[in-house]
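Heavy-atom basis, side chains included; hydrogens, waters and symmetry copies ignored.
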Amino acid sequence: MVECIRIDRDCAEVCALAIKFVSRDSDYASAILDRCADLCSACAEECGKHDHDHCQECAKACRECADACRNY
């Protein structure tokens with residue numbers, strides 16, 4: 001679970017950064033969103049390995065976030 005928590009924290013931080021870049025219409029938002037999608041996908045994969053309900057919910061949310069970042 002240590003790796004899962006580490007990736008969760010990284011994912012949360014890059015998502016918060018992506019929100020800031022998008023909200024101010026930064027020229028670099030698309031680059032941040034690309035990295036955000038990558039990290040959300042990695043988080044979904046890691047969390048999906050665990051049977052805990054909260055891990056499965058996190059994996060689902062991260063898949064949705066990755067899709068949203070890619071389609072922005």
If you round to the nearest 0.5 Å, how far is [atom2] of [Y] from [atom1] of [X]?
{"X": "Ile7", "Y": "Ser41", "atom1": "CD1", "atom2": "OG", "answer": "11.5 Å"}
{"X": "Asp53", "Y": "Cys58", "atom1": "CG", "atom2": "SG", "answer": "12.5 Å"}
{"X": "Ser30", "Y": "Arg35", "atom1": "OG", "atom2": "CZ", "answer": "10.0 Å"}
{"X": "Asp8", "Y": "Cys62", "atom1": "CG", "atom2": "SG", "answer": "6.5 Å"}
{"X": "Arg70", "Y": "Asp34", "atom1": "CZ", "atom2": "CG", "answer": "9.0 Å"}
{"X": "Cys4", "Y": "Met1", "atom1": "SG", "atom2": "CE", "answer": "5.0 Å"}

Practice problem: List, by chain and number, the other hydrophobic cluster members for Ile32, where Ile, Leu, Val, Met, Phe, Trp and Tyr join if side-chain heavy atoms come within less than 4.5 Å, directly or indirectly. | Solution: Leu17, Phe21, Tyr28
Exercise. Check the surroundings of atom CD in Glu45: do more than 12 heavy atoms from other residues, nucleotides or ligands lie under 6.0 Å from it?
Key: no
Self-check item: Derivation of the side-chain contact (heavy atoms from CB on, under 4.5 Å) call for Cys47 and Gln56
Solution: CA-CA 6 Å; Cys47 287; Gln56 293 302 312; over 6 Å; no
Exercise. With sequence neighbours excluded, tell me which residues meet side-chain contact (heavy atoms from CB on, under 4.5 Å) with Ile5.
Key: Arg9
Quiz item: Going through the distances and angles, do Glu13 and Cys36 end up as a side-chain contact (heavy atoms from CB on, under 4.5 Å)?
Solution: CA-CA 9 Å; Glu13 288 184 27; Cys36 188; over 6 Å; no
Quiz prompt | Test side-chain contact (heavy atoms from CB on, under 4.5 Å) applied to Glu64 and Asp67, step by step | solution = CA-CA 5 Å; Glu64 291 172 0; Asp67 289 342; 5.7 Å; no
Quiz prompt | Heavy-atom pair with the smallest gap, counting every atom of Arg63 and Ala44 | solution = CG-CB, 3.7 Å
Practice problem: Apply side-chain contact (heavy atoms from CB on, under 4.5 Å) to Arg6 and Glu46, showing your working. | Solution: CA-CA 10 Å; Arg6 185 188 66 76; Glu46 181 61 32; over 6 Å; no
